[in-house]
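Written below as structure tokens is the structure these notes are about.
First the proteins, then the strands, lettered A, B, ... as listed; each starts at 1.
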Amino acid sequence: MSDLNRIIRKIINNQRLDKQDGLALLEQADLLTMGGLANEKRYLFNPKKKVTYVVDRNINYTNICVSGCRFCAFYKTPSQNGGYVISKDSLSQKIQETIDLGGTQILLQGGMHPDLDLSFYVDMLTFIKQNFDIHIHGFSPPEIDFIAQKSSLSIADTITVLKDAGLASIPGGGAEILCDDIRQQASPNKCLSDTWLDVMRQAHLLGMRSSATMMFGHLEDDAHILEHLDKIRSLQDETHGFTAFIPWTFQPDNTRIEVKKKSSVEYLRVLALSRVYLDNIDNVQASWVTQGDKIAQTALFFGANDMGSTMIEENVVASAGVDFMLPKEELTRLIQAAGFEPRQRDCFYNLI
Amino acid sequence: MELSFLDKRLEAIYKKVLNNSRLSKEDGINIYKTHDLIGLGKIADHVRRRHHGRKAFYVYNQHLNYTNVCKNRCRFCAYAKDDGEREAYVWSMEEIRARLLDRIDEPIHELHIVGGLNESLTFDYFIDLLKTVKQVRPTATIKAFTCVEIDYLSNLAGLTIEQTIHKLKDAGLEMMPGGGAEILNTRIHDSLFPKKIDHKRWLDIVRAVHKAGITTNATMLYGHIETVEERVDHLIALRELQDETGGFSAFIPLAFHSENTELSDLPATTAVDDLKNIAAARLMLDNFPHIKAYWVMIGEKLAQVALNFGADDLDGTIIEERITHTAGARSAKGLAKDQMEQMILSAGFIPIQRDSFYNEINELNI
């Protein structure tokens with residue numbers, strides 16, 4: 001039996017793949033084989049023919065950032081023009097609009113701003129909680145690590161303070177590729193892999209849920225992708241705190257990494273691999289933001305059971321020149337045309 | 001090859017395919033109705049590989065849409081203008097020559113020439129057009145005019161279809177595109193394009209063209225008001241004609257774009273529609289050598305996926321595509337050769353640059 005057939009047998013028998021298996025699958029299996037395997041796993045985790053989505057808004061409280069990641073087109077350094085910190089008025093307006101449009105959460109993220117201390121974050125969260133009834137899905141391990149260091153608090157204590165002030169869950173951003181050799185080249189001023197994982201571990205231990213992400217198609221190779229997936233899976237074994245996994249492709253325009261964009265086929269292959277490899281995470285999300293509506297719909301057959309957010313606002317990927325928008329009516333039409341029932345969900349993947 | 005399907009109806013279809021048995025109308029309907037997209041893709045991919053292995057063809061071509069003035073005003077068309085409208089145009093021979101010379105340094109192997117039915121043009125215009133193109137680009141294949149234009153020209157010249165084709169051949173016509181078919185039935189014809197030739201006429205003309213030794217493509221415009229059954233009937237009609245003449249080269253499903261048309265309320269086709277049409281074509285049209293994923297209409301990203309769902313050809317570099325872009329297509333207006341090759345490679349296929357007759361072009365020979 002060929003190596004690939006042996007690996008396929010493992011998958012069909014619900015046995016766990018190791019990194020070598022995953023790499024061989026990614027490199028050798030053809031697109032439809034991967035799709036078929038991922039599709040079966042999708043139904044194992046989510047047997048009903050439903051595809052979920054959340055109605056929310058990405059609010060970036062600041063674009064001023066000292067991390068200067070090479071793959072980022074959004075940040076401004078403290079000395080550049082065009083930097084902002086969101087005012088309470090603007091924040092209020094955006095949140096009210098979100099609620100009026102049926103939004104159930106905000107994804108609140110921003111740059112690593114050198115002058116914003118823990119009290120800024122507590123104040124912002126408190127303000128939101130006092131004035132609005134909305135779920136705050138906020139920050140990221142790099143931001144939390146940055147705040148912790150500035151406050152000389154432990155990660156756990158920092159998260160506790162934020163949680164008490166209103167932070168309800170943490171998005172899985174800032175993961176990129178969880179391999180330090182890549183992180184040191186792509187984002188040397190941001191937390192390394194162990195710290196990213198530890199922030200999530202601490203959050204999960206404190207009873208918070210989070211998602212996990214992967215941005216690929218920049219400096220990494222396939223082995224790094226497997227390393228990344230393996231680290232996420234291992235942490236999930238420990239804590240069971242991840243709700244979902246979202247992979248997407250790096251968008252090179254306006255950034256300092258010049259590479260050929262990964263193709264839609266390569267995206268679908270990695271998506272399928274993720275569904276097959278992460279045998280302990282319930283949900284896999286398609287990225288219409290980076291792939292567009294047609295590939296996002298196709299992704300529903302390659303392992304994804306969720307379409308992410310209708311995203312009333314999105315700034316970060318848009319600054320890399322990729323600005324698809326997908327209103328809720330169109331999102332639900334795509335889901336139905338694919339043969340699924342569209343269902344709105346909350347941050348914890350409960351159906352609304 | 002061992003395959004399993006979520007949809008049991010696909011199992012029966014797969015068995016037929018393995019036995020080289022022809023698919024029925026009911027099979028065609030099941031193909032369109034299935035929710036097992038991966039299963040469908042696998043069967044279509046199996047057939048595709050049997051024909052072409054891992055090759056994916058493309059041609060370095062240029063489009064010349066010589067006029068947008070058209071008397072037919074089909075309801076699904078965003079491109080047509082009336083004579084005298086601000087954006088109406090017709091190219092003189094000088095302009096055509098200039099457009100060709102503009103790109104003379106590029107290794108263009110095919111000219112794709114279609115336009116509206118412009119009543120101010122004489123038959124000589126078309127003869128001159130062919131001769132001009134032949135003169136400027138003697139080694140490129142001229143793939144020109146649809147059956148709609150052939151019908152029009154035969155009336156214009158007062159000649160039979162056969163006589164018209166012969167005159168055009170003498171002037172340089174070598175192949176014909178597959179447009180103007182839309183959906184080959186009366187209901188759609190009468191609703192959407194009553195002034196244009198109907199399906200019987202389209203099929204009669206294409207039969208005559210094939211008998212005159214000219215190969216053509218064939219198309220189907222989907223995503224408007226047609227039913228699944230009408231799509232399947234269309235494919236079967238083409239299949240039957242191909243059994244008679246063997247003159248069809250490629251089939252191209254065309255995704256309807258509604259912006260700036262009379263049907264602008266209709267939503268865009270989805271990826272599932274697009275991929276199903278590719279797979280349905282590959283499976284139903286067992287006697288067509290090539291299935292084309294027209295990247296202009298379904299986008300470059302989905303075209304790559306389509307290569308895995310039965311398509312073996314990506315048409316061309318094009319540049320200058322006008323017709324679908326006036327109806328709102330957001331794809332690029334053309335792709336460079338490097339981009340075509342990269343698109344194919346990153347989809348996992350072997351890029352083969354071809355001429356209009358699917359001969360492989362080895363640039364070292366030129």
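- Neither side chain, B/Ser264 nor B/Glu262, offers a donor N or O lying under 3.5 Å from an acceptor on the other.
- Residue B/Asp273: no heavy atom, backbone or side chain, is found under 4.5 Å from chain A.
- A/Tyr53 does not carry A/Arg343 over the face of its six-membered ring by the limits of under 6.0 Å from the centre and within 45° of the normal.
- Closest of all the heavy-atom pairs between B/Leu221 and B/Ala255 is CD1-C, 4.5 Å.
- Residue A/Phe340: no heavy atom, backbone or side chain, is found under 4.5 Å from chain B.
- More than 12 heavy atoms of other residues, nucleotides or ligands sit less than 6.0 Å from atom NZ of A/Lys49.
- In this structure, no portion of A/Arg269 lies under 4.5 Å from any heavy atom of chain B.
- Of the residues listed (B/Lys16, B/Arg48, B/Arg22), the one engaging B/Asp286 in a salt bridge (Lys or Arg N to Asp or Glu O under 4.0 Å) is B/Arg22, and it is the only one.
- For chain A, the nearby part of B/Asp45 is the side chain; its heavy atoms alone come within less than 4.5 Å.
- For chain B, no part of A/Tyr267 is nearby; none of its heavy atoms comes within less than 4.5 Å.
- Neither the backbone nor the side chain of B/Glu300 has a heavy atom closer than 4.5 Å to any heavy atom of chain A.
- At a 4.5 Å heavy-atom cutoff, the contact between A/Leu268 and chain B is made by side-chain atoms alone.
- Cation-pi contact between A/Arg275 and A/Phe45: present, with separation from the ring centre below 6.0 Å and deviation from the ring axis of at most 45°.
- A/Asn39 touches chain B through its side chain: at least one heavy atom from C-beta onward sits under 4.5 Å away, while N, CA, C and O do not.
- Annotation: ring pair (Phe, Tyr, Trp, His ring centres under 6.0 Å) contacts of B/His52 (sequence neighbours excluded): B/Phe57, B/His290.
- Proximity to chain B is limited to the side chain of A/Glu40, based on heavy atoms less than 4.5 angstrom apart.
- With hydrogens and angles left out, the side-chain atoms of B/Glu106 and B/Tyr60 include a donor and acceptor closer than 3.5 Å.
- Residue contact with chain A, scored on non-hydrogen atoms closer than 4.5 Å, involves the side chain of B/Leu275 exclusively.
- A/Lys260 touches chain B through its side chain: at least one heavy atom from C-beta onward sits under 4.5 Å away, while N, CA, C and O do not.
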